[in-house]
Amino acid sequence: MLVSRTPGGRTRTRTIAAVGLATLVASSLAGCGSGRTGDGGDGGGLLAGTTDKIFSLDPVAAYDNGSLVAETQFYQYVLNFAPGDATPKPDAAEKCEFTTPTVYSCTMKPGLKFANGNPLTAKSVKFSFDRMVKINDPNGPASLLGNLEKTDAPDDRTVNFTLKVANDQTFPAILPTQAGPIVDEKVYSPDKVMADEDVVKNKGYSGPYTIASYDKNKLVEYKANPDYNGILGTPKTKTVSTKYYATTDNMKLDLQNGSLDVAYRSLTPTDIESLRGDSKVTVHEGPGGELRYIVFNMNTMPGGTPEQKLAVRKALASTVDRAALAKNIYKNTYTPAYSSVPQGVPGATEPFKDIYGADPSKDKAAKFLADAGVATPVELNLQYNPDHYGSSSSEEYASIKSQLEASGLFRVNLQSTEWVSYQRERARDSYPLYHFGWFPDFPDPDNYLTPFFGPNNFLQSHFENPGVTAQLIAQITERDKTKRMEILKNVQQDLAQNHLPIVPLLSGKQIAVSGKNVQGVEQTLDASFKFRYTVLSK
């Protein structure tokens, strides 16, 4: 999904969600004060800090990082990701499997109950998914369920998900996403979003924690749920509180003076570099899956023919210095990206490194342009967004401009636009080249492929190729893992060699900083992008 989720989204804004398989096939089917507060007074509590804000506690209206961290603590899922594991495993379910090519069936664990004491059954699961699809909140993640035809619960232990397209290998990975929390049908409205205060009061959730107190985007206190029966197990710390900061300055200060145990999202690269030299804290890194890249509008980008346009894209891919961007702008909190599928995601390869080189090459770039008859310097109108992807974007794109112009092959007209206008104008063909970012919805390579390169893709860049589309459908529906990985390798190679609708630049790591006495942070910084308080202790 876009590095954004909604008005407020993953700080966000992720209003444009991944199109996924359904869209691909649809086109063919038609700061707060410092210090500790809350119940940590017995010495057993833990305090986490963040600048990400909660948009909603109701999953139908929550599609953002701030809400995701909260949901991870108190909601349960049919399938979920164990710490350090990018393969979905049973959480509320006992087992799940495809019983037919279009039916994914799960057997629920017996005796489950919500924190309010009401039973959690297969009917609760059906209600939760029916509700997500029916409400289809514009700020929510219902679009992730585009391939879900219907959900049935023939008995209290069995839930059947009927899919529109057969053998969708990504569907299990969608169940642990923000589209998948299980809610209590006795307290949640089937057709209205529940206010945060009512979510807290009614306790219609069954995750490893309950919400003990809630002061929205100021302080939230969680207590271990003794009735939780799922993959995340018993929390190592009984009481965890989350403190919300308006800026990183106070969060960093609280970390350094020991009044904050762990900070997750989003310290600046300069903050992180400074904290690496602080003996009182530990900087933890994990694969985050965030991608930063340049999009080409295939209609309006420079070049008189398709062949010349491809040569321009290849020349740019050969000229940009990703390692310099990662080191100088982002202090190595990002790494160079050589595919639209970042390293750490299963199936990821690095075809851009193989084809265009790990280091920039003016000679390669010049040859691509000369062979296609492209006169130099090539005029590039490059647009970036200064407010949505972090405060370092301006510095990043100034550096890209310098790199491209230093080659003598390009002349760059660099412009910026605020996010609201940016979103509107890029979809109106206003930007020949533009800056975008992406956070994963789930740790599957398709989440970096179909939304970008399938028919009617969210980039709206006028890229569509029948051969690429066929490969995308093939990998989604291939049940043999080895064969699927081979198709994924081939489609990444094909895209990099023959098409280049985007040029990937950087992949962002997950970063958390903790006191030296805090354990478990490394366990939760994995490709699922779920920050689990259950593994944290001190």
Side-chain angles (χ1 to χ4, degrees), residues 10-11 31-55 57 62 64-75 83 196 200 207-225 232 234-268 271-272 275 278 280-286 288 509-526 528-538:
R10 281 193 174 184
T11 261
C32 328
S34 72
R36 298 180 184 281
T37 57
D39 174 316
D42 59 2
L46 187 145
L47 183 63
T50 185
T51 58
D52 277 347
K53 302 297 189 287
I54 294 172
F55 186 69
L57 294 182
D64 60 277
N65 286 333
S67 301
L68 174 62
V69 172
E71 289 175 345
T72 298
Q73 318 316 324
F74 68 90
Y75 281 118
D196 287 3
V200 175
Y209 285 98
T210 63
I211 304 174
S213 66
Y214 185 73
D215 189 356
K216 186 168 186 173
N217 293 327
K218 293 183 179 179
L219 189 71
V220 180
E221 182 183 39
Y222 302 94
K223 284 189 178 295
N225 179 5
L232 299 185
T234 302
K236 292 186 176 181
T237 301
K238 188 163 89 170
T239 302
V240 179
S241 298
T242 307
K243 181 177 176 180
Y244 295 83
Y245 292 82
T247 68
T248 64
D249 296 342
N250 288 333
M251 186 163 70
K252 178 186 176 186
L253 182 61
D254 281 356
L255 269 172
Q256 292 176 304
N257 67 28
S259 59
L260 183 65
D261 294 309
V262 59
Y264 175 67
R265 293 189 55 85
S266 291
L267 292 160
T268 69
D271 288 336
I272 295 166
L275 289 168
D278 191 325
K280 297 179 182 179
V281 302
T282 301
V283 177
H284 308 268
E285 297 182 356
K509 303 174 184 178
Q510 290 184 82
I511 301 288
V513 183
S514 72
K516 289 289 188 181
N517 61 338
V518 177
Q519 290 84 45
V521 179
E522 297 91 343
Q523 288 179 260
T524 192
L525 293 178
D526 58 34
S528 74
F529 211 78
K530 288 197 171 192
F531 196 78
R532 313 162 187 86
Y533 291 166
T534 52
V535 299
L536 303 181
S537 64
K538 62 176 183 175

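None of the values given here were measured: they were computed from a predicted structure.
- The side-chain heavy atoms of Y264 and V521, taken from C-beta on, include no pair separated by under 4.5 Å.
- Here CG of D278 is found 5.0 Å from CD of Q256. Values are rounded to the nearest 0.5 Å.
- Checking side-chain atoms of K236 against main-chain N and O of K538 turns up no donor-acceptor pair under 3.5 Å.
- Taking the side chain as every heavy atom from C-beta outward, L57 and I211 approach each other to under 4.5 Å.
- Annotation: salt bridge (Lys or Arg N to Asp or Glu O under 4.0 Å) contacts of K280 (sequence neighbours excluded): none.
- Counting heavy atoms from C-beta on, the side chains of F529 and N65 come closer than 4.5 Å.
- The distance from the CG atom of L255 to the CG atom of L267 is 6.5 Å, given to the nearest 0.5 Å.
- The two atoms that bring M251 and G49 nearest to each other are SD-C, 3.5 Å, heavy atoms only.
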Worksheet item: Can K53 and F55 be said to form a side-chain contact (heavy atoms from CB on, under 4.5 Å), step by step?
Response: CA-CA 6 Å; K53 302 297 189 287; F55 186 69; over 6 Å; no

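- At distances below 3.5 Å, at least one donor-acceptor pair connects side-chain atoms of T50 with backbone N or O atoms of R265.
- Here OG1 of T248 is found 11.0 Å from CG of L253. Values are rounded to the nearest 0.5 Å.
- A donor-acceptor contact shorter than 3.5 Å is absent between the side chain of E522 and the backbone of G286.
- Side chain of Y244 to main chain of D215: no donor-acceptor pair is present (N/O by atom type, distance under 3.5 Å, no hydrogens or angles).
- Nearest heavy-atom pair across P235 and P208 is CG-O, 3.5 Å.
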Worksheet item: Going through the distances and angles, do V262 and H284 end up as a side-chain contact (heavy atoms from CB on, under 4.5 Å)?
Response: CA-CA 10 Å; V262 59; H284 308 268; 5.9 Å; no

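- Classification of the Y222-Y533 ring pair by plane angle, with boundaries at 30° and 60°, yields perpendicular.
- Between T242 and Q73, every side-chain heavy-atom pair lies at or beyond the 4.5 Å cut-off.
- For the pair E221 and T239, the minimum side-chain heavy-atom distance is below 4.5 Å.
- When all heavy atoms of D52 and S266 are compared, the closest pair comes out as OD1-OG, 4.4 Å.
- Counting only heavy atoms from C-beta outward, the side chains of S67 and I54 approach each other to under 4.5 Å.
- Distance CG/L232 to CG/N225: 11.5 Å, rounded to 0.5 Å.
- In this structure, V281 and K516 have side chains that are not in contact, with every pair of non-hydrogen atoms separated by 4.5 Å or more.
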Worksheet entry | Verdict with reasoning, F74 to V220, per side-chain contact (heavy atoms from CB on, under 4.5 Å) | CA-CA 12 Å; F74 68 90; V220 180; over 6 Å; no

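- Qualifying side chain to side chain donor-acceptor pair (under 3.5 Å) partners for E71, counting only residues two or more places apart in sequence or in other chains: Q178.
- To the nearest 0.5 Å, atom CG of residue L275 and atom CD1 of residue I511 are 10.5 Å apart.
- Using modelled atom types, one side-chain atom of T237 and one backbone atom of L536 make a donor-acceptor pair closer than 3.5 Å.
- Atom CD1 of residue I272 and atom NZ of residue K252 lie 10.5 Å apart, to the nearest 0.5 angstrom.
- Within the 4.5 Å cutoff, no side-chain heavy atoms of D249 are placed close to those of T268.
- D261 places no side-chain N or O within 3.5 Å of a backbone atom of A48 that could act as its donor or acceptor partner.
- Among residues two or more places apart in sequence or in another chain, the side-chain contact (heavy atoms from CB on, under 4.5 Å) test is passed with S528 by F81, D526, K530, R532.
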